[in-house]
Trainee: 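My questions all concern the structure below.
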Amino acid sequence: MKVLVIGGGGREHAIAWKVKKSRWVNKVYCAPGNGGISSVAVCVPIPADDIEALVKFATENEIDLTIVGPEAPLTEGIVDRFREKGLKIFGPTKAAALLESSKSFAKMIMDRYNIPTARYASFDDPEDARRYIRETGGPMVVKVDGLAAGKGAFPCEDELEALAAVDLIASGAFKEAGSKILIEEYLVGEEASILAFSDGKNVIPLEPTQDHKRVWNDDEGPNTGGMGAYSPAPVITEDLSSRIYDEILVPTIRGMKAEGRPYEGILYAGLMITEEGPKVIEFNCRFGDPEAQAVIPRLATDFIKPILACCDGTLDKVQLRWSRNSCVCVVMASGGYPGPYTKGHAVSGLDKIEKMENMIVFHAGTRREEDGSIITSGGRVLGITALGPNIKDTIKLAYKGVRKVEFKDAYYRTDIGKKALFHIDGM
Ligand code: AMP
Ligand code: GLY
């Protein structure tokens, strides 16, 4: 099979790396890819959101299967366009991807199908939102309705903070994405990400992962795309896993089918594990980044099998097997990220990691020069990923790898995986 992966971040590197290992795959392309992906796939310089150019490439190169990494092309309808042309593609249609691209749509689905989530109210007029905030008071989360690259949610301690968030949204800072404002109950608990394969009827969860969204240690500072992840996530006990399946995954897939928007692809449920049980914070319509880097390496089943089954409606015939290893991915970022940062710096030490066992480096913001050297080209630069028999040793191994890599102003959190240790031995 010839497979095309769309995207150019750490998530897409993990996808392409795993696809390359499939016994059914003999050629992998990635559009646009990055400096690391070029070692497992042929990188094609087509931007991930240039749908027409991607359709043309897939047709001309007789691509058997396309896997979409980021949300933007999905919410723009890439799956619909590929299917119109008779091309096989893994991901939700535009109508199903609305689960990520409109928070108010996601809330409507959760209301209608009794899926546990934070209570909320939604407003078209910022003045109504302000009135509601003054009437309710207390901690709350203010959100823009549309896509905002993880920057559109404002957890607020009090009325004043919430009013300031509404002012920012009303000022047009989020453009069209901010045309509707959501105000949610502030959920308290630990977060976890559950990704699941679905063919529109059946759903199979991947093993749980936990992301680290804030930029500084101890979950302080602004939100980022994710500074590291690990899997499995011990906060998700067996009992919670089955509740998540019964109360969240199955009703969502059934609900989307009943709405005439069958959901095929990866369903990502961002959860808060509250005292009352798991509640949905958000749905995404694709693999998480960096969750993919922490969970995909642990999959023991050929990756292509569940992906094809999702496309063909035969997921009920698939069972996933998992390695018992833990996996930890530490993101090395450009200093200043998620704010302004500089790029174009040489990365050194990658050759030393290549010699280490049970280590994988997933590239995110890098490019490869003609002489083979690697240069930084984005906010999140590398995901240093380790596999090991238990989470404690795996964290140590990941950081051993991190210390071998250098580039100017490199920044990383030093506490990736710490919460897992707390669950395991109360540290
Ligand atoms: P979102 O953009 O909806 O993914 O939210 C980004 C982050 O804001 C989440 O990962 C949470 O850390 C936090 N957050 C969002 N909604 C809530 C909520 N209702 N209660 C508490 N924290 C939240
Ligand atoms: N790591 C969060 C996300 O992929 O949305």
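It should be emphasised that the depicted structure is a prediction, and the values quoted were computed from it without experimental measurement.
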Trainee: For the residue pair Leu382 and Val347, establish whether any side-chain heavy-atom pair is separated by less than 4.5 Å.
Mentor: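 SC-SC contact between Leu382 and Val347 confirmed.
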Trainee: Can you check whether Lys352's main-chain N or O pairs, donor with acceptor, with Glu354's side chain at less than 3.5 Å?
Mentor: no
Trainee: Under 6.0 Å from the ring centre and within 45 degrees of the ring axis: does the NZ or CZ of Arg286 meet both conditions for the six-membered ring of Tyr268?
Mentor: yes
Trainee: Ser231 and Pro208: which non-hydrogen atoms are nearest, and at how many Å?
Mentor: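 Smallest heavy-atom distance, with atoms named: OG-O, 3.0 Å.
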Trainee: When you compare the side chain of Met332 with that of Ile384, does any pair of heavy atoms fall below 4.5 Å?
Mentor: yes
Trainee: What closest approach, in Å, do Thr117 and Val280 show between heavy atoms, and which atom pair accounts for it?
Mentor: OG1-O, 2.7 Å
Trainee: What residues, two or more places apart in sequence or in another chain, satisfy salt bridge (charged side-chain N to carboxylate O under 4.0 Å, His left out) together with Arg130?
Mentor: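 For Arg130, the residues satisfying salt bridge (charged side-chain N to carboxylate O under 4.0 Å, His left out) (neighbours in sequence not counted) are Glu127, Asp167.
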Trainee: Arg298 and Leu387: which non-hydrogen atoms are nearest, and at how many Å?
Mentor: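 Nearest pair, atom of Arg298 first, then Leu387: CG-CD2, 4.1 Å.
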Trainee: Do Glu190 and Gln210 meet the criterion of a side-chain donor-acceptor pair at a distance under 3.5 Å?
Mentor: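 Present: a donor and an acceptor within the cut-off.
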Trainee: For Glu184, which residues count as a salt bridge (charged side-chain N to carboxylate O under 4.0 Å, His left out) partner, sequence neighbours excluded?
Mentor: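 Partners of Glu184 by the salt bridge (charged side-chain N to carboxylate O under 4.0 Å, His left out) criterion, ordered by chain and then number, come out as Lys107, Lys143.
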Trainee: Are Tyr263 and Cys285 close enough that some pair of their side-chain heavy atoms sits under 4.5 Å apart?
Mentor: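 Touching, per the 4.5 Å side-chain cut-off.
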Trainee: For the pair Arg83 and Glu264, find out whether any cationic side-chain nitrogen is under 4.0 Å from an anionic carboxylate oxygen.
Mentor: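 Yes, this pair counts.
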Trainee: Does a salt bridge link Lys400 with Asp393, judged by any charged N lying under 4.0 Å from a carboxylate O?
Mentor: no
Trainee: Give the minimum heavy-atom separation between Asp246 and Pro251, together with the two atoms involved.
Mentor: O-CD, 3.1 Å
Trainee: Could you go through Glu291 and Tyr230, starting from their C-alpha distance and side-chain angles, then the distance that decides it, and tell me whether this counts as side-chain hydrogen bond (donor to acceptor under 3.5 Å, both in side chains)?
Mentor: CA-CA 7 Å; Glu291 288 94 328; Tyr230 62 89; over 6 Å; no
Trainee: Please tell me if the side chains of Leu249 and Pro205 come closer than 4.5 Å, counting only heavy atoms from C-beta onward.
Mentor: yes
Trainee: Are the side chain of Ser38 and the backbone of Gly35 linked by a donor-acceptor contact shorter than 3.5 Å?
Mentor: yes
Trainee: According to the interplanar angle, ranging from 0 to 90°, do the rings of Phe197 and Phe287 count as parallel (below 30°), tilted (30 to 60°) or perpendicular (above 60°)?
Mentor: perpendicular
Trainee: Under 4.0 Å between a side-chain nitrogen and a carboxylate oxygen: does that hold for Lys305 and Asp302?
Mentor: no
Trainee: Hey, does Leu99 have a side-chain heavy atom less than 4.5 Å from the side chain of Phe105?
Mentor: yes
Trainee: Is the shortest side-chain N to carboxylate O distance from Asp124 to Lys180 below 4.0 Å?
Mentor: yes
Trainee: Considering non-hydrogen atoms only, spot the tightest contact between Val40 and His13 and give its length.
Mentor: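 Between these two residues, the closest heavy atoms are CG2-CD2, 4.2 Å.
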Trainee: Are Tyr399 and Ile416 side-chain neighbours, meaning at least one heavy-atom pair lies under 4.5 Å?
Mentor: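 Yes - at least one pair of side-chain heavy atoms lies under 4.5 Å apart.
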Trainee: Are Val42 and Cys30 close enough that some pair of their side-chain heavy atoms sits under 4.5 Å apart?
Mentor: no
Trainee: Working to the nearest 0.5 angstrom, can you tell me the gap between Ile181 CD1 and Asp128 CG?
Mentor: 9.5 Å
Trainee: Let's go through Asp316 and Lys201 carefully: what are the C-alpha distance in whole Å and the side-chain angles of both, what is the deciding distance for salt bridge (charged side-chain N to carboxylate O under 4.0 Å, His left out) to 0.1 Å, and is it a yes or a no?
Mentor: CA-CA 9 Å; Asp316 53 332; Lys201 307 173 295 246; over 6 Å; no
Trainee: Between OG1 of Thr237 and CZ of Arg243, what distance do you get to the nearest 0.5 Å?
Mentor: 9.5 Å
Trainee: Would you call Lys88 and Asp312 a salt bridge, using N to O less than 4.0 angstrom?
Mentor: yes
Trainee: Distance from Phe283 atom CZ to Met110 atom CE, nearest 0.5 Å?
Mentor: 5.0 Å
Trainee: Please check this pair: side chain of Glu100 against backbone of Ala97, looking for a donor-acceptor N/O pair closer than 3.5 Å.
Mentor: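 Pair absent, no side-chain N/O of Glu100 close to backbone of Ala97.
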Trainee: Output yes when a side-chain donor or acceptor of Glu185 lies under 3.5 Å from a complementary backbone atom of Arg119, and no otherwise.
Mentor: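 Yes: the side chain of Glu185 pairs with the backbone of Arg119.
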Trainee: Is there a donor-acceptor pair closer than 3.5 Å between any side-chain N or O of Asp218 and the backbone N or O of Glu220?
Mentor: no
Trainee: Check whether the side chains of Arg367 and Ser377 place a donor and an acceptor atom closer than 3.5 Å, and report yes or no.
Mentor: no
Trainee: Please walk me through it: do Asp199 and Thr314 pass side-chain contact (heavy atoms from CB on, under 4.5 Å)?
Mentor: CA-CA 7 Å; Asp199 63 358; Thr314 54; 5.6 Å; no
Trainee: Between the side chains of Gln293 and Thr385, does any donor sit under 3.5 Å from an acceptor?
Mentor: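 Short answer, no.
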Trainee: Are the side chain of Asp239 and the backbone of Ser242 linked by a donor-acceptor contact shorter than 3.5 Å?
Mentor: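 Looks like no, no N/O pair under 3.5 Å.
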Trainee: Evaluate Phe303 against Ser22 for side-chain contact (heavy atoms from CB on, under 4.5 Å), listing each step before the verdict.
Mentor: CA-CA 7 Å; Phe303 194 33; Ser22 168; 5.7 Å; no
Trainee: Backbone N or O of Gly228 within a donor-acceptor pair of the His212 side chain at under 3.5 Å?
Mentor: yes
Trainee: Are Tyr411 and Tyr337 close enough that their ring centres sit under 6.0 Å apart?
Mentor: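 They do not qualify: ring centres at least 6.0 Å apart.
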Trainee: Measuring from atom CD1 of Ile353 to atom CE of Met359, what distance do you get when rounded to the nearest 0.5 angstrom?
Mentor: 4.5 Å
Trainee: Determine the minimum heavy-atom distance between Trp17 and Pro297, stating which atoms define it.
Mentor: CZ3-CA, 3.8 Å
Trainee: How many angstroms lie between OG1 in Thr93 and CD1 in Ile89, if you round to the nearest 0.5 Å?
Mentor: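 One finds 11.0 Å between OG1 of Thr93 and CD1 of Ile89.
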Trainee: I'd like to know whether Glu76 forms a side-chain contact (heavy atoms from CB on, under 4.5 Å) with Asp49, so could you lay out the CA-CA distance, the side-chain angles of the two residues, the decisive distance to 0.1 Å, and finally the verdict.
Mentor: CA-CA 8 Å; Glu76 292 299 322; Asp49 54 3; 5.8 Å; no
Trainee: With salt bridge (charged side-chain N to carboxylate O under 4.0 Å, His left out) as the test, pick out the partner of Asp219 among Lys418, Arg413, Arg214.
Mentor: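 When Lys418, Arg413, Arg214 are each tested with Asp219, the salt bridge (charged side-chain N to carboxylate O under 4.0 Å, His left out) holds only for Arg413.
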Trainee: Asp409: which residues meet the salt bridge (charged side-chain N to carboxylate O under 4.0 Å, His left out) condition with it, sequence neighbours left out?
Mentor: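 Checked Asp409 against salt bridge (charged side-chain N to carboxylate O under 4.0 Å, His left out); zero matches.
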Trainee: Is any side-chain heavy atom of Ser39 less than 4.5 Å from a side-chain heavy atom of Arg368?
Mentor: yes
Trainee: For the atom pair CG (Leu397) and SG (Cys327), what is the distance rounded to the nearest 0.5 Å?
Mentor: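 Leu397 CG to Cys327 SG: 10.0 Å, rounded to 0.5 Å.
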Trainee: I would like to know whether Glu157 and Tyr186 meet side-chain contact (heavy atoms from CB on, under 4.5 Å); could you show each step before the answer?
Mentor: CA-CA 9 Å; Glu157 293 301 330; Tyr186 198 125; 4.1 Å; yes
Trainee: Checking the side chain of Thr376 only, and the main-chain atoms of His345 only, is there a donor and an acceptor separated by less than 3.5 Å?
Mentor: yes
Trainee: Is there a donor-acceptor contact under 3.5 Å from the side chain of Asn34 to the main chain of Gly8?
Mentor: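 Yes; judged by distance alone, with no hydrogens or angles, the pair exists.
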Trainee: Quick one: does Ser323's side chain have a donor or acceptor within less than 3.5 Å of a partner on Ala300's backbone?
Mentor: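 No: the side chain of Ser323 does not pair with the backbone of Ala300.
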Trainee: Do Ser102 and Asp145 get their side chains close enough for a donor-acceptor pair, meaning under 3.5 Å?
Mentor: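 Checked: Ser102/Asp145 side chains pair up, N/O donor to acceptor below 3.5 Å.
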